[in-house]
Amino acid sequence: MSRVWSVDLGGFVGQRVELAGWLHHQRRLAQVSFALVRDGRGMSQVVVTDPDVRAALASWAPETVLRVEGEVAAVPQAPAGLELHDPQFTVVSQPQGPLPFELRRPQLDVQLPTFLDHAALGWRHPHQRALGRVAAAAVWGFRSALEERKFVEIQTPKLVASATESGANVFPVDYFGRRAFLAQSPQFYKQTMVGVYERVYETATVFRAEPHDTGRHLAEYFSLDAELGFISDHREVMDLVGEVLAAMFAAGVERAAAAVDELDLKVPKVPAKIPSIDFMAAQELLENETGEKVVGESDLAPAHERFLGKWAEREFASDLLFVVGYPMVKRPFYTHPDPDRPEFSNSFDLLFRGLEIVTGGQRLHRYQDYLEALEGQDVAPFQSYLQAFRYGMPPHGGFAMGLERLVARLAGASNVRQVTLFPRDLNRLEP
RNA sequence: GGCCCCGUGGUGUAGCUGGCCUAACACGCCACCCUGUCAAGGUGGAGAUCGGCGGUUCGAAUCCGCUCGGGGUCGCCA
């Protein structure tokens with residue numbers, strides 16, 4: 001008898017099938033016991049009336065791995081209208097000792113460190129695993145939106161010779177006796193590959209050795225990157241971001257419908273045109289509304305971004321807001337300036353519910369411009385990168401999106417580590 | 001890294017103006033009861049010396065110092 005997924009029981013009413021999974025919970029009454037068997041996709045209720053089987057069931061701890069053969073019955077009072085009758089259990093394996101916390105409650109009521117210490121168990125909670133499904137669906141949406149638009153998926157090195165992002169700190173590694181770094185971003189390579197395919201994307205882990213112990217930083221995070229050529233300016237990239245994001249949310253709703261339901265997520269609608277505000281205008285707005293002196297500062301503080309997030313919600317009923325035209329001094333050297341006001345850039349950030357989840361913009365594309373941008377610093381580390389421009393590159397731009405931040409905002413999680421499988425941060429290298 | 005806060009049975013918390021704490025509550029665990037439960041319910045029971053070290057005191061979970069661990073926030077960023 002082949003094994004059936006819990007979510008597919010509806011197709012087998014009246015038949016005997018085998019389920020396999022984990023004993024999620026059991027409720028013992030005087031004459032009957034209910035076993036909830038959880039598999040990778042869902043959960044099924046198994047009804048046990050045989051005294052011997054009930055006694056056996058009673059002796060099994062939560063998370064015991066089981067195979068259950070039984071008859072599928074459609075019963076109105078069953079949780080999903082379906083349950084398994086006359087079961088025969090086989091114990092596959094048993095947990096060692098008591099569990100550090102319970103999975104049965106609708107909410108996993110543990111502190112983040114406790115959860116993270118026992119991630120192998122915590123991720124089994126229906127709520128938690130639903131987060132993972134939403135993340136997976138979002139990545140799928142990202143890929144499919146870009147594939148549809150003729151982007152080519154690429155894989156770039158994660159062991160690199162030089163840093164890409166200006167301020168970001170790198171992890172040094174011993175590379176056969178030489179000094180190398182873990183890649184902070186596929187930036188250089190994706191730009192280079194625009195010279196080949198025009199449109200490329202990558203979904204991959206990147207590494208940042210920044211000592212930022214905050215709810216939005218990870219030492220290792222999943223970056224969704226895209227880059228495209230022959231653009232007029234950054235606004236074309238922003239349009240793409242909107243389309244991709246819409247596809248990602250749609251994929252969440254469609255491909256992870258049960259998870260979205262489980263988490264009761266409010267998935268935002270992405271407007272045809274995501275509202276945007278100029279960097280300077282944002283500062284003036286902040287100054288007018290809060291009285292705080294911010295005009296002239298070269299960047300927005302997290303508190304400012306939260307304020308702008310609320311403002312966008314009020315003003316446009318939007319969860320999303322572009323902030324456009326950051327000062328050049330705060331952007332990496334490859335950023336393209338605004339032709340009309342060269343101290344500002346053709347770049348943007350996207351705030352999702354007040355948190356920066358995307359950065360993007362137009363890049364320089366002329367070799368000479370790069371030499372000028374790098375003036376005053378050693379060009380040697382960038383020689384291999386600059387090849388692409390020496391051989392001719394079109395105007396291009398792109399963006400990078402932090403998956404964990406997106407999912408965290410979507411789920412209303414205050415800390416990205418809540419939605420990261422095995423987060424790496426300042427203090428945590430395990431599990 | 002700076003600043004603020006926290007550290008109590010397996011989990012989440014209360015107690016923390018020092019003695020009534022031989023540490024409380026909820027969940028979990030163990031035993032028994034309850035004819036369909038679904039955050040099931042009921043009765044009883046086991047389980048922590050209060051992160052660690054040192055100090056103040058007749059007396060400390062409660063005050064002080066150091067230390068370790070954690071959370072928030074800021075710098076920075078996805």
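Chain naming here is simple, since letters A, B, ... match the order of the sequence lines and numbering starts at 1 in each.
The gap from the P atom of B:rC3 to that of B:rU57 amounts to 31 Å, rounded to the nearest Å. A distance of about 15 Å separates the P atoms of B:rG15 and B:rC21, rounded to the whole Å. B:rC16 and B:rG7: their C1' atoms are spaced 13 Å apart (whole Å). Comparing the C1' positions of B:rC50 and B:rC4 gives a spacing of 24 Å, expressed to the nearest Å. Comparing the P positions of B:rA48 and B:rU11 gives a spacing of 13 Å, expressed to the nearest Å. Between B:rA39 and B:rG28, the distance separating the two P atoms is 13 Å to the nearest Å. With both ends at atom P, the span from B:rU37 to B:rG42 equals 15 Å, rounded to whole Å. Between B:rA24 and B:rA14, the distance separating the two C1' atoms is 7 Å to the nearest Å.
Between the A:T335 side chain and the A:R331 main chain, no donor and acceptor come within less than 3.5 Å of each other. Judged purely by atom type and a 3.5 angstrom limit, A:D349 has no side-chain atom pairing as donor or acceptor with the backbone of A:E356.
Taking only side-chain nitrogens and oxygens, A:S223 never comes nearer than 4.0 Å to OP1 or OP2 of B:rA78.
By the neighbour-count criterion of 12 heavy atoms within 6.0 Å, atom CD of A:E343 is densely surrounded, having more than that number from other residues, nucleotides or ligands.
Note on A:L403: nothing from the nucleic acid sits closer than 4.0 angstrom, heavy atoms only. In this structure, A:N415 reaches the sugar-phosphate backbone alone: every heavy-atom distance under 4.0 Å involves primed, P, OP1 or OP2 atoms, never a base. Using a 4.0 Å heavy-atom criterion, one finds that A:T214 contacts the bases of the nucleic acid, with or without backbone contacts as well. A:R306 comes within contact range of the sugar-phosphate backbone alone, with a heavy-atom separation under 4.0 Å but no base atom that close.
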Footprint string (nucleotides 4-14 of chain B, 5' to 3'): B base within contact, S backbone only, - free, heavy atoms under 4.0 Å: ------BSSS-

Contact state string [nucleotides 34-43 of chain B, B base, S sugar-phosphate only, - no protein heavy atom under 4.0 Å]: BSBBBBB---

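Here B:rA46 sits opposite no nucleotide as a Watson-Crick or G-U wobble pair (both hydrogen-bonding atom distances under 3.5 Å). Partner assigned to B:rG69 is B:rC6, using Watson-Crick or G-U wobble distances below 3.5 angstrom. Nucleotide B:rA60 has no partner under the Watson-Crick or G-U criteria, as no pair reaches both atom distances under 3.5 Å.
Ring pair A:W123/A:F115 is tilted by interplanar angle, where 30° to 60° counts as tilted.
Nucleotides of RNA chain B nearest to A:V416 and A:R428 differ in position, and the one nearer the 5' end is that of A:R428.
Applying the salt bridge (charged side-chain N to carboxylate O under 4.0 Å, His left out) rule to A:K293 yields the partners A:E287; only residues at least two apart in sequence or on another chain are considered. Annotation: salt bridge (charged side-chain N to carboxylate O under 4.0 Å, His left out) contacts of A:E305 (sequence neighbours excluded): none. Residues forming a side chain to side chain donor-acceptor pair (under 3.5 Å) with A:D86 (at least two apart in sequence, or on another chain): none.
For residues 137-147 of chain A, the pairs satisfying side-chain hydrogen bond (donor to acceptor under 3.5 Å, both in side chains) are A:R143-A:E153, A:R143-A:T203, A:E147-A:Y201, with sequence neighbours left out.
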